[in-house]
Amino acid sequence: MSLQSLLQSRVATALIAAGIDPALAVVTPAADTRFGDYQTNAAMVAAKSLKKNPREVAAAIVAHLQVGDLSEVPQIAGAGFINFKILDAALSDAVNAVRLDDRLGVVPVADPKTILIDFSSPNVAKPMHVGHIRSTILGDSLTGIARQLGHHVITDNHIGDWGTQFGKVIYGWKHFLNREALEKAPIEELVRLYREVNALEESNPAIKETVRGELVKLQQGDEENLSIWNQAVAYSWKEFERLYGLLEITFDERLGESFYNDALGPLVERLLTKGIAELSEGAVCIFFRDIPALEDKPCLIRKGDGGYLYATTDLATLEYRQERWKPDAVWYVTGAPQQLHFHQVFAAAQRLGITSDLRHVAFGSILGEDRKMMKTRSGENVELGGLLHEAMERALSVVVEKNRDLPDAERHEIARIIGLGAVKYADLMQHRLTDYVFSWEKMLSFQGNTAPYLQNAYVRIRSIFRKAAESGVSTEENTIVIQAPAERALALQLLQFGEVLTAVLDDQRPNLLCLYLFELANAFHSFYEACPILKSEGDIRSSRLALAEVTARVLKTGLGLLGISVPERM
RNA sequence: GCAGCCGUAGCUCAAUUGGAUAGAGCAUCUGACUACGGAUCAGAAGGUUAGGGGUUCGACUCCCUUCGGCUGCACCA
């Protein structure tokens, strides 16, 4: 049990003794460290409903508090804050417990949930672009964090493999396909086919019918078209896998939109029979007359021409997932513009009797330096592959400049770790709902809240240990004894790791973990400056070495949960 | 028109059930240096949290309202 939860349970006991609801026993790190290390605002919250003076309530709680083994006498301050100053001995014990814990103080949740996370979802025959990067990176980090906390997570890549674009792709495949180009750069070739047919349609409108015919044939199960489609999907996936491999991201499930085709018709019929959906202007819609925000916004599930829509597929997908995984929660990691869509789908799902906790993990856009949606100079989407390679190249030139002694192969590996880490961190460090401006300069800077800064903090600690080994200093079996202020601050920060992960998952916000790691690195650097490690001796030296070692492990683990690796040198 | 998101330091962003004097980074300024990796640290300066009203002991946070930006809104996904 963490020090914080230990304090919390003591507060709960005191609340019961004082006749107050123990659910109010919330202990947080002190907002202002001048007042102490931890605080509880329970007295002020309780005073509100009890209609009593907060300070008197606080006094009643403190009278029942038994924390002598953990903290100095709790102080009441301000409007009714109760502050705890942790005893050095208790702090030392707590941080030693983290040191000896493989999980670094992260306590698995008492009630593990089955969480299905839907993210990335690129479109077949189109390149992955910056629009997919946030979904991919956010989804992957949430997966790692949820699993670390003991949840059962299923990752599902709901790829767009059944769009109307296939009419054009198939027509192009039949008339203009370049096999060699397809082998070499599959998506590039598929995009070329698409564009070629597009241009053809412009100059020769008569061709449109034929192109539409190819799509209809595909939908009706025509063997040749189905085979072309299958190949297009397989070639596209091959290229996606290259990117996922580079990013070190894997999926448990990869069921595209096409997988649900057969379920769409019966689903719509069922919704009609149940009276959930109705015919309107030739289409089938679900109306939400009882939900003010959706009153005038029906959800279309079958077009007048019999075709199905985005919402239809999403509902069918949801039903399949309920059946297959029985998830407690389903998280959709997609952009904020789709909020209305999910509002509708979730409302419809509720009428279908689906009770899982459905969440739209929405995020903002990536903007260019001009503060508009990030595009290339010619106005096209920026391709993810190119962007990642540019990141690695830029990182390489920094590494070459900063460290001239490294062998070439190691340099490239370091550049990969730093470049990809920088891109991922720049994205995750932001509150997910805010749009953010993409800046190479900022994300690759070694100063400030960036991946390279955190990676460097880790590298610096590793360097201390290499030095220790060279000079024969033992780094085994060290016990941490907290004394100096900088040691206290670092130790307190280390104890927060588990708590932070819980907070991240509560609201699907990895930026809280980024913030935590940044503050941890800061706390370490202050400690590093104020408390000489190798220049000290005996128990102090071994204590400080151990503190540095735990810091390195938390940094490495925390960054790992964000999908970011660390080098040993850089 | 309806709905959603957002508006915080010059810039980019934080702010843990509504809590203490709204915090970081970048940029600017001042210190520390033959350095356990200075790729660092210590410090200064920088704010009417878009405006107004309300609830509260207490509001960046909740409610109402005005302004401004972005996005979505029946047969694309």
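Naming: A, B, ... by sequence-line order, numbering from 1 per chain. On a predicted model such as this, the values are computed, not experimentally measured, just so you know.
Straight-line distance from the CD atom of A:Q430 to the C1' atom of B:C13: 6 Å, rounded to whole Å. Going from atom CD1 of A:I159 over to atom C1' of B:A77 covers 14 Å, rounded to whole Å. One interatomic measurement links the two molecules: CG of A:L513 to C1' of B:A14, which rounds to 15 Å at whole-angstrom precision. At whole-Å resolution of the value, CD in A:Q455 and P in B:U40 are 14 Å apart. Rounded to whole Å, the distance from CZ on A:R34 to C1' on B:U21 is 7 Å. For the pair A:D118 CG and B:A77 P, the computed distance is 16 Å after rounding to whole Å. Summarising the geometry, the separation between NZ on A:K535 and P on B:C33 is reported as 13 Å, rounded to the nearest angstrom. Rounded to whole angstrom, the span from the CZ atom of A:F288 across to the C1' atom of B:C2 amounts to 16 Å.
When distances run from any side-chain atom of A:F81 to the nucleotides B:G19, B:A14, B:A77, the shortest one goes to B:G19. Taking the side chain of A:E529 as heavy atoms from C-beta on, and the options B:A20, B:C41, B:A74, the nearest nucleotide is B:C41. For A:K303, whose side chain is taken as the heavy atoms from C-beta onward, the closest listed nucleotide among B:A74, B:G4, B:C76 is B:C76. If you check B:A77, B:A14, B:C41 against the side chain of A:N522, the one that comes closest is B:C41. The side chain of A:K297 lies closest to B:A3 when the candidates are B:A3, B:C13, B:C75. Between B:C76, B:A3, B:G19, one nucleotide has an atom nearer to the side chain of A:A293 than all others, and that is B:A3. The side chain of A:L340 lies closest to B:G72, out of B:U16, B:A77, B:G72. With B:C41, B:G19, B:C2 as the candidates, the nucleotide lying closest to the side chain of A:Q39 is B:G19. Taking only side-chain atoms of A:E281, from C-beta outward, the nucleotide of B:C75, B:U21, B:G72 with the closest atom is B:C75. Each of B:G19, B:A77, B:U40 was ranked by its minimum atom distance to the side chain of A:R460; first place goes to B:U40.
In this structure, A:V500 reaches neither bases nor backbone, as no heavy-atom distance under 4.0 Å exists between it and the strands shown. Backbone-only contact: A:K467 has heavy atoms under 4.0 Å from sugar-phosphate atoms and none from a base. Residue contacts for A:L24: at a heavy-atom cut-off of 4.0 Å it reaches no nucleic acid atom on any strand shown. A:A336 comes within 4.0 angstrom of no nucleic acid atom, judged by non-hydrogen atoms across all strands. Among the heavy atoms of the strands, none lies under 4.0 Å from A:R462. Using a 4.0 Å heavy-atom distance criterion, A:T450 is classed as making no nucleic acid contact. A:S526 comes within 4.0 angstrom of the backbone, heavy atoms only, and of no base. Among the protein residues, A:Y436 comes within range of the sugar-phosphate backbone only, with heavy atoms under 4.0 Å from sugar or phosphate atoms but none that close to a base. Within the 4.0 angstrom heavy-atom criterion, base atoms lie near A:A77. Within 4.0 Å (heavy atoms only), A:C514 reaches no atom of the nucleic acid at all. Residue contacts shown for A:D435 are limited to sugar-phosphate atoms, with no base heavy atom under 4.0 Å away. At a threshold of 4.0 angstrom between heavy atoms, the contacts of A:E441 with the nucleic acid are absent. Nucleic acid contact for A:M429: none, since no nucleic acid atom lies under 4.0 Å from a heavy atom of the residue. Using a 4.0 Å heavy-atom cutoff across all strands shown, A:G163 reaches no nucleic acid atom at all.
Side-chain contact of A:D427 with A:Y436: a donor-acceptor pair under 3.5 Å is present, judged by distance alone. Side-chain atoms of A:Q496 and A:Q4 include a donor-acceptor pair closer than 3.5 Å. Side-chain contact, A:T334 with A:H360: a donor N or O sits under 3.5 Å from an acceptor N or O. In summary, the side chains of A:Y332 and A:H341 do not present any donor paired with an acceptor at a separation below 3.5 Å, with no hydrogens or angles considered. Donor-acceptor pairing under 3.5 Å is lacking for the side chains of A:Q8 and A:Y38. Donor-acceptor pairing under 3.5 Å is lacking for the side chains of A:N511 and A:Y516.
Side-chain atoms of A:E257 and base atoms of B:A77 include no donor and acceptor less than 3.5 Å apart. Put simply, the side chain of A:N83 and the base of B:A20 share a donor and an acceptor less than 3.5 Å apart.
As rounded to the nearest Å, B:A44 and B:U61 have P atoms that lie 28 Å from one another. Rounded to whole Å, the C1' atom of B:C29 lies 16 Å from the corresponding atom of B:A9. Nucleotides B:U56 and B:U71 have their C1' atoms positioned 34 Å apart, rounded to a whole Å. Look at the P atom in both B:G51 and B:G7: the space between them is 13 Å, to the nearest Å. Separation of the P atoms belonging to B:C5 and B:U65 is 15 Å when rounded to the nearest angstrom. Between the C1' atoms of B:C57 and B:A45, the separation comes to 34 Å (whole Å). Comparing B:C6 with B:C13, their C1' atoms are spaced 14 Å from each other, to the whole Å. Look at the C1' atom in both B:U48 and B:G38: the space between them is 40 Å, to the nearest Å.
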Item to complete: Run the numbers on A:H158 and A:Y260 for side chain to side chain donor-acceptor pair (under 3.5 Å), then give the verdict.
Response: CA-CA 11 Å; A:H158 189 69; A:Y260 304 97; 4.7 Å; no
Discussion item. Before you tell me yes or no, could you show the steps for A:Y453 and A:H525 under ring-ring contact (aromatic ring centres under 6.0 Å, His included), namely the whole-Å CA-CA distance, both residues' side-chain angles and the distance that decides it to 0.1 Å?
Written reply: CA-CA 11 Å; A:Y453 172 80; A:H525 277 132; 5.4 Å; yes
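Base pairing analysis places B:A44 opposite B:U28; the two distances defining the Watson-Crick or G-U wobble pair are each below 3.5 Å. Across the strands present, B:C5 finds its partner in B:G69; the criterion is a Watson-Crick or G-U wobble pair with both atom distances under 3.5 angstrom.
Aromatic ring orientation, A:F524 versus A:F527: tilted (interplanar angle from 30° to 60°).
Taking each heavy atom of A:L138 and A:S141 in turn, the nearest pair found is O-OG, 3.0 Å. When every heavy atom of A:L494 is checked against every heavy atom of A:L547, the shortest pair comes out as CD1-CD1, 3.9 Å.
The side chain of A:T434 contributes an N or O atom lying less than 4.0 Å from OP1 or OP2 of B:A14.
Residue A:H343 is the one, among A:T28 and A:H343, whose nearest nucleotide of RNA chain B lies closer to the 5' end (criterion: closest heavy atom). Each of A:R569 and A:S365 was matched to the nucleotide of RNA chain B holding its nearest heavy atom; the match closer to the 5' end belongs to A:R569.
Using a cutoff of 4.0 Å between basic side-chain nitrogens and carboxylate oxygens, A:E410 and A:R569 are scored as salt-bridged.
Once the 5.5 Å centre distance and the 30° plane angle are applied, the aromatic ring of A:F518 is found not to be stacked with the base of B:A24.
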Could you pull out the protein-nucleic contacts involving nucleotides 56-63 of chain B (nitrogen or oxygen on both sides, under 3.5 Å)?
{"residue": "B:U56", "atom": "O2'", "partner": "A:K48", "partner atom": "NZ", "Å": "3.1"}
{"residue": "B:G58", "atom": "O6", "partner": "A:K48", "partner atom": "NZ", "Å": "3.2"}

